[in-house]
Q: 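Quick one: this structure, given as structure tokens, is what I'll be asking you about.
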Amino acid sequence: MSKRLWQITEFPFQPERLQHFETIFAIGNGYLSARASFEEGHEGDRPATLVHGIFNNAPGEAVPELAVAPNWLPLRITIDGTPFTIQTKAREYLRPAGGIVLGYRRTLHLDRATLRREVLFRAESGSTVRLEFERFASLDQHHILGQRLIITTLDSAPTIRINADLEHVPDNDVGHWTCANAAADTDQISWTAVTSQSGYRIALASRLIAPGCVESAVEENRATLATTFQLEPGQAATVDKLTSIYTSRDVADPLAATLLLNSAEADAYDALYEQHCRRWQEVWDSSDFVIEGDDKAQIALRFAAYHLLIAAPREDDDVSIGARTLSGLGYKGHVFWDTELFALPPLTLTQPNIARNLLAYRYKRLAGARQKAKEYGCAGALFPWESTDTGLETTPQWSDPQPDGSRIRIWTGDTEQHICSDIAYAVLQYWRWTGDDAFLCAMGAEIVLDTAVFWGERVEAKDCRYEISCQIGPDEYHENINNSVFTNRLAQWHLEQALKLLGWLADNAPDTARRLVKSLDLSEMRLARWQDVVDKMYIPFDRERQLHIQFDGFFDLEYIPVLDYQPRVGGIWPFLGHERALRSQVIKQADVVMLMALLGEEVGPREVMLNNFKTYYPRTDHGSSLSPAIHAWVAARLGLDEIAYEMFEQAAATDLENNQGNVADGIHAAACGGLWQAALFGFCGLHLTEDGPQVDPKLPAHWRRVSFSVTYRGEKHRFDVVNPAV
Ligand code: IFM
């Protein structure tokens with residue numbers, strides 16, 4: 001298929017979108033990601049390489065965040081003494097002094113996770129050179145980063161000087177690193193540092209393979225490798241920079257590992273790159289979703305899958321995907337429900353090993369979840385709303401200052417408790433699709449059952465029914481409300497599944513059943529209560545109008561016709577203000593609609609589903625990037641074709657077109673996973689039957705055909721869906 005559908009291009013340079021492109025052109029390999037900052041730097045850039053799991057709570061900061069690793073990208077180039085830079089303002093193209101950029105094109109190659117940039121540059125001396133940059137984070141050897149520069153002179157014999165650096169990133173630093181040490185060996189440079197609070201050690205080493213005699217030095221705030229050479233007219237020179245990186249999460253002595261790896265691989269760019277591409281080919285063989293008839297949707301889906309695939313830990317089951325992946329510092333790298341309900345399901349279907357790693361991350365943090373439940377006065381496990389390396393709650397309690405200087409109390413860490421069921425849902429979905437009983441017995445069952453223990457204690461018995469007060473559902477505009485239908489129904493479903501799971505374990509894995517009954521104290525009395533909650537949970541429902549009520553009193557709030565507020569970027573919350581939003585029926589994101597996506601027909605008959613959608617869709621401002629894709633999915637199932645496609649387009653534009661206005665802070669992992677799910681579960685109607693996976697397509701009218709594979713219980717199932725309507 002056409003290469004064009006695997007590429008995203010910036011042409012010409014768009015300075016006003018510098019940080020946007022830094023995010024969307026990030027490269028990565030599941031171990032780390034690097035934002036797409038220029039090798040030579042640029043005013044206003046935000047270079048950042050983020051490595052999974054390297055969190056630090058810097059002095060004076062309320063919560064931990066991912067610490068930006070030292071910068072391995074810098075290549076400072078001079079041509080006949082003119083420093084190579086990209087000018088920002090068009091008029092600078094005409095400036096008589098300094099170099100001139102004659103042409104610029106940058107392309108992200110999704111199929112091979114490679115970023116390329118070509119620049120035609122004229123030095124002050126009049127020499128014109130073409131610079132072709134390439135970079136990748138090896139998928140084959142996760143600790144190696146490759147950069148290549150091919151520099152070709154067109155019309156003269158310029159002298160080229162190149163400095164390849166490792167350096168600290170001061171702009172992003174809030175005191176994360178101490179003990180930084182730059183060193184220069186005869187043929188390589190290195191950088192080591194230690195996080196100030198968490199004590200993680202990091203080491204990077206670089207080598208330069210280039211014409212001329214390469215010399216190394218330590219300068220202020222950087223270690224550098226330098227070479228100078230001359231080109232004949234028409235001649236091209238290749239410069240390779242290879243960097244290796246380790247942390248103390250990987251090995252006992254990161255510096256030793258880094259130096260060893262770097263010297264072993266120093267002359268092997270081509271071989272490394274070839275292996276990298278081969279590995280990506282394998283990944284795409286099981287992850288691609290091909291659409292015929294809609295090039296824009298095709299590129300958007302590949303882009304979404306690409307960003308999940310570069311963020312997803314392939315070889316580490318002790319880390320997870322943050323809400324903004326590793327491509328930016330939004331939400332400080334914290335992990336939310338975005339992972340389990342948005343990013344993870346497509347991985348369960350296409351890359352089950354990665355999905356298992358993500359679930360194991362939660363299992364390994366059950367201690368933190370138990371502590372949180374205990375602090376809340378309940379037994380069982382209550383996962384934190386925002387999670388990092390420790391597994392403790394890391395949601396900040398106060399927002400950053402608002403325009404008027406005030407701060408808003410953030411309640412999600414206190415009362416957004418549906419995360420327990422979101423994680424249980426992901427575990428059970430993974431188990432059903434993979435049949436991985438070993439995982440279930442070793443980890444999954446304990447997650448599902450101990451979070452069920454929490455719900456069993458958390459629910460409140462009132463007037464012959466069970467209620468849950470003071471919650472935040474997915475719609476975070478409404479805080480500390482009573483009887484969120486999403487939360488109540490999901491908790492009920494969760495307890496029902498927990499009882500079934502225990503029955504399955506008793507029949508199929510009696511030792512595990514016995515162990516968990518004992519360790520989690522699953523007494524007869526506790527189980528009887530679960531059944532009672534399943535039977536008597538209060539699900540707010542309006543019988544007259546045959547629809548679910550998002551929470552107690554929702555329809556008493558002020559009605560605001562959200563659909564009238566068009567066109568706009570982002571939600572309408574900023575013009576309403578926090579207080580009015582709380583008192584209105586404006587909904588931030590799919591809430592009842594999210595419930596319908598997760599539980600499908602279990603929520604109610606088609607008439608109720610339609611009533612729900614038609615009631616809540618016009619009240620939702622999609623102030624969260626999690627919302628549009630879920631609406632697309634549910635609308636497609638309900639046959640609301642126009643809305644489904646419009647919402648799909650909106651989800652697709654989240655990062656590519658920056659329609660929430662905050663992509664500089666990182667890719668929206670949930671929007672990516674949501675988009676993929678909207679295609680699989682929404683438009684294709686993928687579902688499990690007793691005979692395995694089946695589809696029930698409701699494709700957009702202009703999609704001629706789609707094809708994709710999913711792995712079910714270790715076997716690949718290929719679907720090729722032709723649209724009968726075309
Ligand atoms: O988890 C989401 C939440 O649902 C809405 N606000 C942003 C969070 C992180 O993406």
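In each ligand, atom 1 is the first atom listed, and ligand 1 is the first ligand listed.
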Q: Taking C-beta and beyond as the side chain, do P474 and H418 meet within less than 4.5 Å on heavy atoms?
A: yes
Q: Protein N/O near ligand 1 N/O, under 3.5 Å, which pairs?
A:
from     : atom 1 : to   : atom 2 : distance (Å)
ligand 1 : 1 (O)  : W337 : NE1    : 3.0
ligand 1 : 1 (O)  : D338 : OD1    : 2.6
ligand 1 : 4 (O)  : W337 : NE1    : 2.9
ligand 1 : 4 (O)  : Q589 : NE2    : 3.0
ligand 1 : 6 (N)  : E476 : OE1    : 3.3
ligand 1 : 10 (O) : D338 : OD2    : 2.5

Q: Quick test of your reading of the model: are K372 and D414 salt-bridged, counting only N-O distances below 4.0 Å?
A: no
Q: Under the ring-ring contact (aromatic ring centres under 6.0 Å, His included) rule, what do F383 and W337 come out as? Steps first, then yes or no, please.
A: CA-CA 10 Å; F383 282 101; W337 71 316; over 10 Å; no
Q: Show me the donor-acceptor pairs within less than 3.5 Å that the side chains of residues 662-682 make with the rest of the protein, sequence neighbours left out.
A:
from : atom 1 : to   : atom 2 : distance (Å)
N662 : OD1    : R324 : NH2    : 3.4
N662 : OD1    : H668 : NE2    : 2.9
D665 : OD1    : R46  : NH2    : 3.1
H668 : ND1    : D655 : OD1    : 2.7
H668 : NE2    : R324 : NH2    : 3.2
Q677 : NE2    : L341 : O      : 2.9
Q677 : NE2    : F342 : O      : 2.9

Q: Please determine if R409 and E479 form a salt bridge, counting it only when a charged side-chain N lies under 4.0 Å from a carboxylate O.
A: no
Q: I'd like to know if D316 pairs up with R249 as an ion pair, taking the criterion as any Lys NZ or Arg NE/NH1/NH2 lying under 4.0 Å from an Asp or Glu carboxylate oxygen.
A: yes
